[in-house]
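Excluded from the calculations below are hydrogen atoms, water molecules and symmetry mates; all remaining heavy atoms, backbone and side chain alike, are included. First the proteins, then the strands, lettered A, B, ... as listed; each starts at 1.
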Amino acid sequence: MEHFRERAASLVVDAVAGMGSKTALQAEKPPEGMGDFAFPCFGLAKELKRSPAELAKSVAASIAPDPAFSAAEAKGPYVNFRIHPAELAKATLGAVMGLREEYGNAEPTGKRILLEHTSANPNGPLHVGRARNPIIGDTLARILARCGNDVTTEFYVDDMGKQQVTLTWGVENLKHPGEAPKKPDHALVWYYQEASRLMAEDPRILEQIDAMISTYEKKDSAIAERVRKNCQRVLEGMTASLYRLDIHFNSFAWESKYIFDGSVDSVLERLRKLDSTAEEDGALYLDLERHGITGQERKFYLTRSDGSSLYSTRDMAYHLDKLSRYDRAIDVLGEDHRLKAKVVGIGTKLLGQDKPVEAMFYSFVSLPEGKMSTRRGTVVYLDDLIEEGVARAREEVDKRRPELSEELKRGIAEAVGTGAIRYNIIRVQAEKQLVFKWEEALNFEGNSAPFVQYSHARASSILRKATEFGEYDPALLVHPSETALIMGIARFPSVIRECGDSMQCHPLALYALELASLFNQFYRDCPVLAVEGELRNARLALVTASKFVMLNALDTLGIVAPEEL
RNA sequence: GGACCUGUGGCUUAGCUCGGAUAUAGCGCUGGCCUUCUAAGUCAGAUGUCUCGGGUUCAAAUCCCGACAGGUCCGCCA
């Protein structure tokens with residue numbers, strides 16, 4: 001596709017040069033039925049003082065004939081190119097058949113990227129608000145990997161915060177009234193909620209917890225041990241939930257490590273020497289005024305009066321460590337972290353690290369009745385969403401495919417239920433606020449994962465019934481539905497690249513939907529198994545290619561593509 | 001009060017980086033399509049002051065300024 005675009009652009013440049021201008025016209029997508037690339041002539045018209053429509057005509061007339069295009073003509077003030085369908089079919093199908101699962105992948109960049117995501121406080125199970133992070137993070141990791149990078153994913157475990165100490169206090173001082181749930185994150189969250197409640201009521205409990213924190217920060221390894229043990233258990237529960245969504249981490253980084261190994265101390269020592277930092281009552285702060293942040297936000301504290309470190313300071317130590325080991329460090333963060341991330345980046349830069357701290361942000365998911373809060377228990381847990389999704393998918397499978405084996409039905413239900421959840425989160429721009437609604441989160445039709453999975457299954461079904469096919473002639477694929485589908489397939493590599501460059505996932509979800517829709521139109525218009533001879537071979541090749549690209553798109557979204565639905 | 005993000009048919013949403021020809025799709029609504037490779041599909045139709053007001057431009061959903069609404073942050077918490 002890019003090849004054709006560049007070819008068209010260069011033909012236009014040549015034609016325009018003949019008219020005495022060096023302006024490079026930008027190709028854009030014309031409306032339906034007007035060809036494949038359009039070059040507007042308004043800018044050129046101004047330069048040459050001629051009317052755009054008249055100019056388009058003379059540009060079109062002086063374009064050299066090229067086998068890649070079946071037409072290059074003026075349409076009003078535009079010069080429109082139509083790609084030769086046979087040429088497009090040949091180039092596109094050839095590429096997919098050669099690369100198969102790798103089609104769409106970019107050349108290796110040689111870059112090592114550390115992608116930090118999820119990093120949820122281990123004080124209870126993941127809820128659907130927090131779930132936006134791992135789903136975006138994992139999808140972005142898959143996109144960046146297909147963009148040719150060597151990607152490592154990491155979960156930063158906050159085992160030093162008040163929330164974790166509160167949880168530990170609860171576990172050590174309270175007794176669960178009934179039978180605790182089996183899954184460790186669900187078992188432990190009660191202690192956190194109950195301890196938070198008691199702490200708010202009884203100042204003596206608050207004192208005890210504060211005392212634990214203070215001892216902990218003086219590098220008390222016994223307390224560290226106790227807190228970490230509980231974090232570890234909650235973490236096991238979280239990773240089990242994410243495992244079901246096919247989300248895994250290459251590594252875990254523990255916040256306390258950076259305290260105990262002295263790296264936070266050394267960071268503080270170096271920060272203290274900077275002109276940008278100052279002290280107030282013994283507390284060190286970064287003056288952000290010269291970094292364009294004014295007003296009440298300008299003093300950003302790095303330590304308390306007693307010299308102990310704060311969260312963002314430890315985060316600087318962590319990011320310096322990441323940047324020293326990788327070419328790029330990217331964080332997936334909730335929008336509440338915007339200022340903190342900016343300051344961490346300022347800090348690492350001041351300490352001589354020129355690589356930026358890159359981040360992408362998402363807005364929160366709320367419930368129709370308001371915000372989600374683990375402490376207050378006003379949440380929908382990710383585990384419940386997955387259970388419900390898979391159960392509803394199972395009902396559909398039972399209804400539609402009663403003849404399938406139990407094993408197949410179970411597999412399809414799992415793929416559809418979890419796929420629908422991932423797709424629903426990723427399909428919208430990350431910066432948009434989301435209100436969680438069951439019927440949207442578990443949508444199985446229209447703009448959804450099952451829609452794409454269904455098209456993939458249709459393709460698989462055709463190929464299952466076809467005998468082997470050998471040579472095919474792409475030039476036979478000239479039906480408008482075939483050409484449109486091939487055009488869609490040809491776009492995949494640039495969609496992947498665009499997502500990687502802009503660190504956005506939703507264009508890929510929308511692309512997968514479009515491709516599936518194009519396949520459905522082809523399916524409607526062009527019988528495959530019922531036609532004879534050469535055309536059948538060519539269409540089987542197109543079905544094969546479509547299946548690979550739907551598979552690759554779904555795989556990049558972390559969604560399973562079953563052979564049957 | 002200051003800073004950042006978001007505002008597109010009844011609902012959800014793409015397009016905004018890089019201004020161009022009829023503003024994208026889904027849900028819902030109206031009416032069609034299963035002796036034809038899986039109807040979780042498909043076709044047709046209705047539904048839009050692109051939050052509002054200015055400005056720049058031959059041309060603004062898109063760029064600039066100002067309002068308004070929702071979210072987030074502004075703690076020696078995380």
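- Near RNA chain B, defined here as any heavy-atom distance below 4.0 Å, the residues from residues 334-345 of chain A are Glu335(A), Asp336(A), Arg338(A), Leu339(A), Lys340(A), listed numerically.
- By the 4.0 Å N-to-carboxylate-O rule, Glu54(A) lies close enough to Arg50(A) to be salt-bridged with it.
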Extract from the structure each pairing of a protein N or O with an N or O of nucleotides 15-17 of chain B at less than 3.5 Å, listing the distance.
unit_1: G15(B); atom_1: OP1; unit_2: His506(A); atom_2: NE2; d: 3.3

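- Evaluation of atom-type donor-acceptor distances gives no pair under 3.5 Å for the side chain of Asn123(A) against the base of A78(B).
- Residue side chain Ser363(A) does not reach the base of C5(B) through any donor-acceptor N/O pair under 3.5 Å, judged by distance alone.
- The pair Glu217(A)-Arg304(A) meets the salt-bridge criterion, with a side-chain N (NZ, NE, NH1 or NH2) lying under 4.0 Å from an Asp/Glu carboxylate O.
- Residues that satisfy the salt bridge (charged side-chain N to carboxylate O under 4.0 Å, His left out) test with Lys342(A), not counting sequence neighbours, are absent from this structure.
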- Annotated protein contacts, base or backbone, on nucleotides 57-64 of chain B with a non-hydrogen cut-off under 4.0 Å, one of B, S, - each: --------
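- Salt bridge annotation for Arg394(A)-Asp398(A): present, with a cationic side-chain nitrogen under 4.0 angstrom from a carboxylate oxygen.
- For RNA chain B, the residues of residues 511-522 of chain A within the heavy-atom distance limit of 4.0 Å (strictly under) are Leu513(A), Asn520(A), Gln521(A), sorted by number.
- Checked by distance alone, Asn443(A) brings no side-chain donor or acceptor within 3.5 Å of a matching partner on the base of C27(B).
- Taking the centre of each ring, Phe300(A) and Tyr285(A) stay at or above the 6.0 Å mark.
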Check nucleotides 10-12 of chain B for protein N or O atoms closer than 3.5 Å to its own N or O atoms and list the pairs.
unit_1: U12(B); atom_1: O2'; unit_2: Arg427(A); atom_2: NH2; d: 3.0

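- With its glycosidic angle within 90° of 0, C34(B) is assigned syn.
- Taking atom P on both nucleotides, G48(B) is separated from C5(B) by 31 Å, rounded to a whole Å.
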